[in-house]
Number of protein chains: 2
Amino acid sequence: MGVTVDSDRAEDLLLEHQLCFALSVASRSVVAAYKPVLEGLGLTHPQYLVMLALWEQSPRTVKELGEALAQEPATLSPMLKRLEGAGLVTRERVAGNERALAIELTDAGAALRERALAVPGTMLERLELDREMLQELNVSMRRLIDAAQRAA
Amino acid sequence: MGVTVDSDRAEDLLLEHQLCFALSVASRSVVAAYKPVLEGLGLTHPQYLVMLALWEQSPRTVKELGEALAQEPATLSPMLKRLEGAGLVTRERVAGNERALAIELTDAGAALRERALAVPGTMLERLELDREMLQELNVSMRRLIDAAQRAA
DNA sequence: CACGAATAGTTAGTGCACTAATTGTTAGCG
DNA sequence: CGCTAACAATTAGTGCACTAACTATTCGTG
């Protein structure tokens, strides 16, 4: 009774047992929780991540941003045009390498950082996390990312 | 030296410290790792989740599926049409309530379950996870989902 | 120097995911 | 009974994310 064996694969198909399901829902739910906070900055969540990358280093090429954000250039290309349209970044060919495109913060883009400083703290609170849990979850996620990328 | 204070919010803006970033990348990476496996079944990852829900219970209305999958009906509607096109489900109005749409597995849809039985084991292996780590991650994700949904 | 391979970015096409607006059905209530 | 409010699904519109195909540079080697 209540025996569980390795070959009990039927239970494995339960939606509630799928890590991929929990992960997808968690990602969507967390992004949704950011939404009202980021609206104050006029950013979507993916755009917020781009801005975080640029606040660390600007200018950067599309390729470099793609590596930092684990995104395809084809995904970033239209996003960066929207950020340019919002007046937060400039898009200019790199002098000396006409292939590469330098994405650089405008003054407004750099200034936005001040208002963004409050976001992480606000979100920690909203997600009922302390810094220790945050740390642990980050480590878990990183391990999972590494394994998943090895698998692909 | 190396002092960290509560108000050190500048560090909080580092991309690498963002749980939301790690979570998004993990979700995308894990889904990408499923892709080659699910291609054998002719399913995308979101479609796979719908099938898991239906293998547990069929028929179900669009609304019920949305609740089980934490998805908007507007997201499911076109997906279900694609699954219908693939011959895996039928879409018929519920007798006695013409508003609701009953989504039901076809024979082919039910039969696909047999081939799906191997997926979870394959993926655990590919993601280098054992059942214990899976369990722990699932618990963490669920907690996060609850908090995020309370926040929204 | 010239030409083919590699590189950087964009475009096209598909599918998800969300919000808001719409259509059609049902239920409740005066 | 009739009318309104609630409900279930769909459609329209925007933005992400990915693959594949394409354009324009640059590099490397004969």
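Per chain, numbering begins at 1; letters A, B, ... match sequence-line order.
Between B/R91 and D/dA8 there is no side-chain polar atom (N or O) within less than 4.0 angstrom of OP1 or OP2. In terms of phosphate contacts, A/S77 brings no side-chain nitrogen or oxygen within less than 4.0 Å of OP1 or OP2 of C/dT11. Distances shorter than 4.0 Å separate none of the side-chain N or O atoms of B/K63 from OP1 or OP2 on D/dT10. One finds a side-chain N or O of A/Q71 lying less than 4.0 angstrom from the OP1 or OP2 phosphate oxygen of D/dA17.
Ranked by how close their nearest DNA chain C nucleotide is to the 5' end, A/L80 and B/A74 are led by A/L80. Residue A/R93 is the one, among A/R93 and B/T44, whose nearest nucleotide of DNA chain C lies closer to the 5' end (criterion: closest heavy atom). Looking at which nucleotide of DNA chain D each of A/E72 and A/N97 is closest to, the 5′-most match is held by A/E72.
In this structure, A/K81 atom NZ and D/dG15 atom C1' are separated by 15 Å, rounded to whole Å. Separating the CG atom of A/L83 from the P atom of D/dC16 is a distance of 8 Å, rounded to the nearest angstrom. Nucleotide C/dC16 holds its P atom 12 Å from the NZ atom of B/K35, rounded to whole Å. Look at CG on B/L49: it is 14 Å from C1' on C/dG15, rounded to the nearest Å. Rounded to an integer number of Å, the gap from A/R28 CZ to D/dC16 C1' is 14 Å. Across the protein-nucleic acid pair, B/Y34 atom OH and C/dG15 atom C1' stand 19 Å apart, rounded to whole Å. Distance, A/E84 CD to C/dG9 C1': 14 Å, rounded to whole Å. Rounded to a whole Å, the CD atom of B/E98 is 6 Å from the P atom of C/dT26.
Contact annotation: the side chain of A/L19 approaches that of A/L144 to within less than 4.5 Å [non-hydrogen atoms, C-beta and beyond]. Proximity of B/L76 to B/Q71: side-chain heavy atoms (C-beta onward) are separated by under 4.5 Å at one or more points. Looking only at side-chain heavy atoms (C-beta outward), B/E16 and B/F21 come within less than 4.5 Å of each other.
Side-chain proximity of B/L101 to the nucleotides C/dT10, D/dC16, D/dT10 is greatest for D/dT10. Looking at the side chain of B/T75, the nearest of the listed nucleotides D/dT10, C/dG9, C/dA17 is C/dA17. When distances run from any side-chain atom of A/P46 to the nucleotides D/dC27, D/dC16, C/dG9, the shortest one goes to D/dC16. When distances are taken from the side chain of B/M79 to each of D/dA9, C/dC16, D/dC16, the shortest belongs to C/dC16. Of the candidate nucleotides D/dA8, D/dC16, C/dG15, C/dG15 has the atom lying nearest to any side-chain atom of B/R82.
Salt-bridge annotation for B/R143 and A/E128: absent, with no side-chain N of the basic residue lying under 4.0 Å from a carboxylate O of the acidic one. Under a 4.0 Å N-O distance rule, the pair A/E98/A/R93 does not qualify as a salt bridge.
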